[in-house]
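Here the structure comes first, spelled out in structure tokens, and everything after it is commentary.
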Number of protein chains: 2
Amino acid sequence: MTAGSGRVTQAQVARLAGVSQAVVSMVLNGSDSLRITPETRDRVQQVLRETGYTVDIMGRRLRGKSNQILGVFTYESVFPSGVADFYRPFLLGIEEEAEQQGFDLLLFTSGGRRDGRRRIYEAGTNRLRIADGSILLGRHNDPQELAQLVEEQFPFVFVGRRESPTGPISYVGADYVAATREVHEWLWGLGHRRIGLLSVTEENEPTLDRRAGYEAAARKHRRPPLVFLADDPAIALRQARDEGVTALLVESSAMADGILACAHDVGLTVPADLSLVVLGDADPSQQPHAHAVPSTATDWSMFRIPRHEMGVHAVRVLVELLRKPQSRQLLLPCTIHEGATAAGPSTTDSR
Amino acid sequence: MTAGSGRVTQAQVARLAGVSQAVVSMVLNGSDSLRITPETRDRVQQVLRETGYTVDIMGRRLRGKSNQILGVFTYESVFPSGVADFYRPFLLGIEEEAEQQGFDLLLFTSGGRRDGRRRIYEAGTNRLRIADGSILLGRHNDPQELAQLVEEQFPFVFVGRRESPTGPISYVGADYVAATREVHEWLWGLGHRRIGLLSVTEENEPTLDRRAGYEAAARKHRRPPLVFLADDPAIALRQARDEGVTALLVESSAMADGILACAHDVGLTVPADLSLVVLGDADPSQQPHAHAVPSTATDWSMFRIPRHEMGVHAVRVLVELLRKPQSRQLLLPCTIHEGATAAGPSTTDSR
DNA sequence: CTGAAAGCGCTTACAG
DNA sequence: CTGAAAGCGCTTACAG
């Protein structure tokens, strides 16, 4: 029934129904509908049906109204080409909860890329504003853009803890501090007394949280922190051995692969001589593609990041945020998977 | 520098710079910038920088009328929970090309479900209209809804060939007719003279296309069509054997699994006594979950459905459709994978 | 050569 | 009780 010219507008409907455009809007929004004659109302609704009218989200949004659309922004592609599927469990939760809450999801793919990365601000404009609010996702992120988002008070939730100097950021993260502490406690309970941490120089939130958890646990047992840098796994491993370390917490499974690969050369057997625990899931996208044999064959001792739940809660938090603009932070617990790379120490260390 | 109220507008910048709002817009867009005094220009740009102005995409898009949003509608969840990931390769192509063409993607998750399925029409209104046009995806589809979409001339492209009595549907599909013909030719070339087709009673487009391709090939070689119904694989297999069939085209890998499972009982070895070719990819979502051992272990002879390309072209066709409303149909070629379940016949059949 | 005015589609306060 | 008018932020045709 639509004229060929694409979209039906309220003005067109109004003309057909013989009323003013404002009346059409009122009939649609219903709230003040009592004031409109039932006949007028019916006539308008008739035309609305005949023409197949739907609101233009731009117009509505411009007026400051919600469209029931949540944005999903990722710095990389959402649907990756490799086996690596970092986003999937998050998105699964996001989709599930968006459906539950009655929101559509808008994936921001329009912007093109700079330096191989997507951008939130394109020529100075915030693309996310099409949506009512947005979920941000991904390990990479641009602190500048985050700061700007905060400054313009755009409602968004980061999946993963993030901080910004401009103000509090809403996030739903995994509680790395607590999980790392628990891993330390577990190893301590197994009898380990020299527990080390293999970390990176890069100081993003996940790394800092793991280190904080580790140091808190070490402090609790009045042990000096034994932190090694993972730049060269062989060197780090030798250092750890020389320090008498019997259990090593490792930031990522990729790192752990590196350690495992040279453990033999250093004369260490895992877990007999050295327990290895990965502080997180085996993240498939981190696996070096060069290695044909997937390291997933190793049943790593580790903790699991509740990615699906994080997605679900990110949507919930965002929806709350839309109702009441006030930053929210939520950390979800990780669960320890005992795996096969950690065991009690063979020789109990002297206290 | 922004006032607490969130956003800086062109009007605010104009006031600060002592010019009209239109001039600010012109300075920003640059095209007609020659007409503006260099001093005015500089002053405006100064204020723009100081205030940290960013364009509101809403206003701009409203002016241009296009939202640059493509819908993606699936009757099931886009991000599935199981290993089964039917949509992924399509979505990969869709995302890639949407990015190329400068469109955002809207996933329709708001509608809730009826009978476990999503719906396009919710209370008589077409939800897809929020987007400029939409891609439809999925094996399941509601003919009624399709018919209605066609009738209201909503721009959409189906991934996979579809037909509707109400009018031509735009689609990007895989050319099952040609692919099935090619498989037949290939088997004929190997020496097979009694080539059968294992099909289903359900008459959807993919099934009909495969049958059409098969029958065309059989006709070409003046052979009667040998079509068996897959309701009971054991019975079908016996029938085929009794008919002297040496090669069997099978609609899906799930069906092929069934055949393979009872081939031994019927006294047939694959491919020595019977060649089996799957008319399509092993579709993971079709695998029966009960079987612990994945049938992907079998290196099926088959043809590959160009899912990624179909996604890419669906976006292209939709974008063209938006420019010029006129239905388009596109079939992409499949490629044969020779695999391990087809070979030359052991005893050449009499002509 | 310049800048004010119209209008994109919408909602709501406000005048009749 | 009703409906016309203002305005959200923007671009561009058009009048001065």
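Numbered from 1 within each chain, the chains take letters A, B, ... in sequence-line order.
Across B:Q148, B:R118, B:R119, a single residue satisfies side-chain hydrogen bond (donor to acceptor under 3.5 Å, both in side chains) together with B:D142, and that is B:R119. B:F158 pairs in a side-chain contact (heavy atoms from CB on, under 4.5 Å) with only one of the listed residues (B:V172, B:V317, B:L137, B:L136), which is B:L136. Looking at A:V72, A:V312, A:T74, A:V159 one by one, the single match for side-chain contact (heavy atoms from CB on, under 4.5 Å) with A:F90 turns out to be A:V159.
Dashed line: the shortest gap from a side-chain N or O of B:T37 to OP1 or OP2 of C:dC1 is not under 4.0 Å. For B:S20, a side-chain nitrogen or oxygen approaches OP1 or OP2 of C:dA4 to under 4.0 Å.
A:V55 comes within contact range of the sugar-phosphate backbone alone, with a heavy-atom separation under 4.0 Å but no base atom that close.
Rounded to whole Å, atom C1' of D:dT12 lies 11 Å from atom CD of B:Q21. Note: CZ (A:R15) to P (D:dA4) measures 14 Å, nearest angstrom. When the C1' atom of D:dG9 is taken as reference, atom CD of B:Q12 falls 11 Å away, rounded to whole Å. Atom CG in B:L48 sits about 14 Å away from atom C1' in D:dG9, given to the nearest Å. In this structure, B:I130 atom CD1 and C:dC10 atom P are separated by 12 Å, rounded to whole Å. B:N67 places its CG atom 11 Å from the C1' atom of C:dC8, with the value rounded to the nearest Å. We find that CD of B:Q10 is positioned 14 Å from C1' of C:dG3, with the value rounded to whole Å. The nearest whole Å value for the distance from the CZ atom in B:R43 to the C1' atom in C:dT2 is 13 Å.
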Derivation of the side-chain contact (heavy atoms from CB on, under 4.5 Å) call for A:D104 and B:R127
CA-CA 10 Å; A:D104 289 319; B:R127 296 165 46 222; 3.6 Å; yes
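Set against D:dG9, D:dT12, C:dT12, the side chain of A:A22 has C:dT12 as its closest nucleotide. Considering only the side chain of B:T9, D:dC10 comes nearest among C:dG3, C:dG9, D:dC10. With D:dT2, C:dA4, D:dA4 as the candidates, the nucleotide lying closest to the side chain of B:M26 is C:dA4. Between D:dA4, D:dT2, C:dC10, one nucleotide has an atom nearer to the side chain of A:R60 than all others, and that is C:dC10.
Spacing of C1' atoms, C:dC10 relative to D:dA13, comes out at 23 Å, to the nearest Å.
Base pairing analysis places D:dA4 opposite nothing; no Watson-Crick or G-U wobble pair with both distances below 3.5 Å involves it.
Residues B:Y75 and B:E145 bring a donor and an acceptor atom of their side chains to less than 3.5 Å of each other.
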